[in-house]
Amino acid sequence: MDNTRRVRVRFAPSPTGPLHMGGVRTALYNYLFAKKHGGDFILRIEDTDQERLVPGAEEYIINALKWCGIEPNEGIGFGDGDCAPYRQSDRKNAGVYAQYADQLIQSGHAYYAFDTKEELDEQRKRYETMGKAFAYNALTRQNLKNSLTLSEDEVKTRIAAGEHYVIRTKIPRNEEIRFHDIIRGWVVVHSSQLDDKVLFKSDGMPTYHLANIVDDYSMKISHVIRGEEWLPSAPLHVLLYRFLGWEEVMPQFAHLPLILRPDGNGKLSKRDGDRLGFPVFPLTGELLDVKTGQPEKFTGYREKGYYPEAFINMLALLGWHGSSNQELFTKEELIEAFSLERVSKSGAKFDAEKTKWFNQQYLRKRSDAELAAELLPMLKEQGIETTPAFAEAICRLLKEKVQFSYELRDQCGYFFNDPAGYDEGVIAKRWNEQNAAFMKSLADAFNGLGEWTAATTEACFKATAETAGINAGQVMQLFRVCISGLGGGPVLFELVELLGKETIVRRLHNAVNTIGK
RNA sequence: GGCCCGUUCGUCUAGGGGUUAGGACAUCAGAUUUUCAUUCUGGUAACAGGGGUUCGAUUCCCCUACGGGCUACCA
């Protein structure tokens, strides 16, 4: 293995829909690995399947990566490098793939096949009734319509006549294929288990397998970091590198464990988000569904109020763990700490609760001023105009209580408006004549108070309670309800100080006049 | 079905031939805040099962079970 080679990795999504969080994590690991080793990170679009192409999907992928801060330094949407173009349909039009298919045919590692889709489906059905699975392989290809069974003349005639054909790999009959995976160690597969995969489709497009190998080779990719769903086809890829004579520069493989559904079984899919109530995608959007062809809306982490740093941090820890117990990482720290060897082998069930916790951690790291800058526009949207200083004070009081910045907005109503209602549970439990009288005398006492601070109002509150012969603790929460309407909230007398004497006294009177009437 | 990959608290994971099997989320309890929450402290909770190898296995090997992936002219 050539370890002196420059590290070049790629993220190669297929634009068949919105990029989901599993894809984002694959991109992230590629990015971290590239940065860690001072290498290059490339975005290549694998759009060889023209039928499943979804308009706008490519743009979505680019925007999602940008929001996450996972920026390739080469490739579609991020500026061309020496290996342009980076979209496989463009590369096909530039004629990069056909020559290699020809080379494989010349060297006897591939052949033309004329069997139609219908014919092959029939074969599959026939095998199924016999309780077997059909595979186009060393055993069956002798009985099918291909350049191995047809005469050279007939092959030429058919092609000249414009008959549709595909090019298939000629997998050796009896060979052990072994390759080293950085995460899994040695993986061994016998060639008899492989089928003669199509390399070139009848529409003239290469399949993933050919395009992928050719592009990784010509883009000088040093490490292939991709999802575990590719593990079964890795032996085919190894064979192709060998057939093409590129074994010396074959990239090292690292197959990532899958992200699984939090409940039940299976890998995380599109639908799970709506069903379980968490986003599966980074950004909210609407794209055509590949299967139905109908437009489909989906929600994203961004719109649900998550910070990209939190999202990325969560994703990084889902399947990877550093050598210490550290869980909160800046992007720079992630780059520093990341290594493929520490990626786990088994699939990880996604935990939406922990993701929220990550967001909370990042929210708390923000200054009151930064949070206020987020809160201000949200308030404006609701027709509330206020000063940055007041918004900052709100954030200071509320930030310990929330996980998302929108909760700041949702919970700050009483900073601007008198309560329209009062927490019924607390009222039912605490409101009586004696306490009502207390609130009245408290209003009077507050009214006569000189200096208005958290400390003076608290002292005044306690003194008034004592005079009335009431345990302060008994009326504390009730007082909170009287001035805010809610049973819970920030540190009480800090809130009192911020709201000011006039407001507090007025709300106290309102409460006495409203509650229980 | 076949092939491949995997299996440590409910979840994400650390660890690794001899450990009180560690951390985080969640959960529970106590303290503090004379309120709710925050915060702090503490607790419950795991090596899938069976065989080996070994003085000793959760760690290494094998089998079984379970989970996952792939099995298209999709990626």
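We name chains A, B, ... by the order of the sequence lines, and we start the count at 1 in each one.
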Given B:G10, is OP1 or OP2 found less than 4.0 Å from the side-chain N or O atoms of A:K354? no

For B:U13 and A:S344 - does any side-chain N or O of the residue sit under 4.0 Å from the phosphate oxygens OP1/OP2? yes

Base, sugar-phosphate or nothing for A:Q88? Non-hydrogen atoms, less than 4.0 Å. nothing

Just how far, in rounded Å, is P of B:G6 from CG of A:D181? 9 Å

Rounded to whole Å, CG of A:D203 lies from P of B:A75 at a distance of 9 Å

Could you check A:Y208 against A:F134 and say which one's nearest nucleotide on RNA chain B is further toward the 5' end? A:F134

Select from A:G319 and A:L492 the residue whose nearest nucleotide in RNA chain B is closer to the 5' end of that strand. A:G319

Give a yes/no on whether any side-chain N or O of A:K349 is located under 4.0 angstrom from OP1 or OP2 of B:G67. no

Rounded to whole Å, please give me the gap between CZ in A:R226 and P in B:C70. 13 Å

Ordered by number, residues from residues 166-174 of chain A within less than 4.0 Å of RNA chain B (heavy atoms) are A:V166, A:R168

Mind calculating the distance between CZ (A:R52) and C1' (B:A72) to the nearest angstrom? 10 Å

Phosphate OP1/OP2 of B:G69: any A:R184 side-chain N/O under 4.0 Å: no

Expected output is a numbered-order residue list: members of residues 395-411 of chain A with a heavy atom under 4.0 Å from any atom of RNA chain B. What is it? A:E400, A:K401

Just N and O in the side chain of A:R480: are any of them under 4.0 Å from OP1 or OP2 of B:U33? no

Is A:T48 near enough to B:A75 that one of its side-chain N or O atoms lies under 4.0 angstrom from OP1 or OP2? yes

